[in-house]
Asker: 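The structure is given below, and queries will be raised subsequently.
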Amino acid sequence: WEILKKYRAIIISVTIFFACDIAVMATNIYSSYKIAESAVSINLAGRQRMLSQRTTKVLLQIQDDVNNSLPTQKDLQELGLVVFLFDTTLEGFRDGKVVTGGDNKPIHLAKVETPESERFVQETYALWNPYLKLLQPLRSDITRNGEGPQVSPDQFVARETRTFSNDQLTEVVTYARENNLKILAAMNNLTSDLEVVADKRAFQLRIIQIVGLTIALINVLFTLIKSIRDLMRGDRNLMIARKETTDILTTVREGLFLIDPKFNIGDQYSHSLPYILRRNVVAGDSFLEVLQEMVSKEVFDNARDYMELLFGDRVKENLVGELNPLSRVQVQGTGGKSHYLSFNFNRVVSGDDVNHLLVTVQDVTEIVTLGAELEAVKNQARREIEVLLELLSKDSRSLEQFLANTEQALSQINERMRANEDSGHGRTNLIGFIMRVVHGIKGEAAALNIDTFESYAHDFEQELSLMRERGEVRGEDMVRVTVLLEGFYERLTAISTVVKRLIKPTGTAAPVVEEEAASVVFEKHIKPLALRIAQDAKKDVNVKFDVAAINTLPRRIINELQSIAIQLVRNAVKHGIESPEERATLAKSPRGEIAITCQDLGQSKFAFFVRDNGRGISVDKIRRTLVESGQMSAQEVAKLSAKEVVTQIFKEGFSTAREADRDAGRGAGLGVVSEKVTLLHGHLTLSSKANEFAEFRVVFEV
């Protein structure tokens, strides 16, 4: 719309030009057609004058042949042709029809249009009809069977001489001598009137062409004048803006310049830039080449990736602006001496696209080296064919729900990162939050067996765990988090594209959720996950479900219960259910059992249970883990009651697993459960008995 407003005059002008052009062309075509009609009419009207003279001449020749006893067949044959042509042409003038043209080919003769021409045709018929009657005994017969009006003399057969008398011949010759000039005069008048009509049409065509060309010329002149005026105003504004820009760039002490998506330096930069960089700068130089000469390879690679992130549209500028790897960097001067520069980058956005980056450079005195690695995560998900085969086996509604949930979770991370305080404690809390979100995504991906997301989430979680274990999370660690988050977005976009192509247009994916009860879909997601984890852990489990009550719950609550079940089933298989050998020593069945139940308690209250018949919760083991992990001292742990000890399992980072793997060991699973229960506004209770069972119970209202 802005473009239409800006170029409205040009668009209107071009529209008028095309309208005039089309109108003139249409008029030319029509007028040319009518002028061609007039030319045919004038030509045939002129032929009528010749035919009337020729008829009289042939009659006189026939009379002379008869008087001298000469053959008349050829003359009679010619008479038949001449009379036929005159009669059919005169009929064409009166009614409009296809007649024989001057080249003996069929041509359409238009009916005369003016009252004068109609009168001349009627006058001719008044003379021609008696004439034609008198000519009848002498006229030749046509013998052709071909189509169309074209005729030639050899198509007529002359009558025998005895078929007409001398009196008949004398009568028709006498009539011809008396009326030939009258017929000729009528045809002359018709020809003149037709020429007048043709002249009027030609004049009208010229007027229309002149008017059309005049309008087009005026339109062009208007457009030219307006364009020149706009260009002059634009040049004037440009000169003012250029002077202001020059004043700014001359006065400012910082180095200012623009880089395009190819990382080339723009034409305009501040006069201080060469002094600050301590090297010559030329417009069009590659900023990467300039930077590569100044910094170490590690910093250079990090800076390049950082700028690529800025040119993208996934990560918010406020977030990455605080994580700039060049905010304070040691650089090498041309004389071999090092100095320290601070680069600040801001997006220059036009619409939804990032066209340039505005770079501000300052010479700083403090040496702070950004030592963290900034690497680009550019790897794509597994080969598309593997993703296609994997997606084809999924329930389409659950898959779409997973993608929507994942996008929402990533947006929450983005928002939390943007708003997070820039301090060690704040970043540590942020890492914990991100770990819980990523752990939840990993659990849902595992339930759907989407290995692409599960594997990436596991790697993401592992790097977050390492950051947390180092103690205080540094600012450069958040750069890595940003890159990892970008990788998540890339996978989400890739899989969403495949899902839309497979599910939406073709409908070839698995049946949608509406065709199955929510409880059935719930079981189909949880049970394979439990069996897969048990197989990896070399355990034998059976999962029982009694969750028909969830069919009455809203989709949002079902999703939260599914997330809770995923985490609790993971914990039950990994930590609760014993190995078949251990169960045998306890006189238990080799196969462990997990029961998942949802009950309608009435009055909009529901209870959700996950119970296993494994080793239960060991308070002593939790105490030992707290001390061994360094989370608490032995004295602090000794002061805790049994209930207080058990609550520690819900705290971030707590895990009794000796080694972390894809299913446990990060201490995030029960934290996810706790958050989900909070979202349900529910109440979570835990009951357990050593070597017998552990049961998690969630009570909530709808």
Asker: Within the distance-only criterion (no hydrogens, no angle test), does the side chain of D285 pair as donor or acceptor with the backbone N or O of V282 below 3.5 angstrom?
Answerer: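 Judged by distance alone, yes, a pair lies under 3.5 Å.
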
Asker: Around K57, counting heavy atoms of other residues, nucleotides and ligands shown, do more than 12 lie under 6.0 Å from its NZ?
Answerer: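 Not more than 12 within 6.0 Å, no.
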
Asker: Give a yes or no on whether a salt bridge exists between R119 and E123, defined as a side-chain N under 4.0 angstrom from a carboxylate O.
Answerer: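 Looking at E123 together with R119, the answer is yes, because their closest N to O distance falls below 4.0 Å.
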
Asker: Side-chain contact test, heavy atoms from C-beta onward, threshold under 4.5 Å: evaluate it for I265 versus L258 and give yes or no.
Answerer: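 Counting from C-beta outward, I265 and L258 never come under 4.5 Å.
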
Asker: Hey, what's the ring geometry for F257 with F287, parallel, tilted or perpendicular (30° and 60° as the breaks)?
Answerer: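 Rings of F257 and F287: tilted, 30 to 60°.
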
Asker: Say whether, by atom type as modelled, one donor and one acceptor occur between the side chain of R47 and the main chain of G101 under 3.5 angstrom.
Answerer: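 Yes, because the side chain of R47 sits within donor-acceptor range (under 3.5 Å) of the backbone of G101.
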
Asker: Just checking Y125 against W128, ring centres under 6.0 Å apart?
Answerer: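 Not close enough - the centres of the two rings lie 6.0 Å or further apart.
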
Asker: Is a side-chain N or O of N189 found less than 3.5 angstrom from the main chain of A185, in a donor-acceptor match?
Answerer: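 Here the side-chain-to-backbone pair exists.
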
Asker: Nearest 0.5 Å, please: how far is CD in E486 from CG in D305?
Answerer: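 One finds 11.0 Å between CG of D305 and CD of E486.
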
Asker: Quick one, E91 and V99 - any side-chain contact, counting heavy atoms below 4.5 Å?
Answerer: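 Result no, sub-4.5 Å side-chain heavy-atom pair not found.
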
Asker: Do any N or O atoms from the side chain of T191 and from the backbone of M187 form a donor-acceptor pair under 3.5 angstrom?
Answerer: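 Answer holds: yes.
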
Asker: Would you say the rings of Y131 and Y175 are close, in the sense that their centroids are separated by under 6.0 Å?
Answerer: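 Judged by ring-centre distance (under 6.0 Å), Y175 and Y131 do meet the cut-off.
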
Asker: Using a 6.0 Å cut-off, check whether atom CE of M25 has over 12 heavy atoms from anything other than its own residue.
Answerer: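 Not buried by this count: 12 neighbours or fewer within 6.0 Å.
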
Asker: Quick test of your reading of the model: are E78 and R54 salt-bridged, counting only N-O distances below 4.0 Å?
Answerer: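 A salt bridge links E78 with R54.
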
Asker: If only atom types and distance count, is the side chain of D260 paired as donor or acceptor with the main-chain N or O of F263 below 3.5 Å?
Answerer: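 Between the backbone of F263 and the side chain of D260 there is a qualifying donor-acceptor contact (under 3.5 Å).
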
Asker: Any side-chain donor-acceptor pair under 3.5 Å between N344 and N346?
Answerer: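 Present: a donor and an acceptor within the cut-off.
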
Asker: For the aromatic rings, using the six-membered ring if either is Trp, is the centroid distance between F93 and F120 under 6.0 Å?
Answerer: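 That pair fails the under 6.0 Å test.
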
Asker: So does F86 get a backbone contact from the side chain of Q48, meaning a donor-acceptor N/O pair under 3.5 Å?
Answerer: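 Yes, because the side chain of Q48 sits within donor-acceptor range (under 3.5 Å) of the backbone of F86.
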
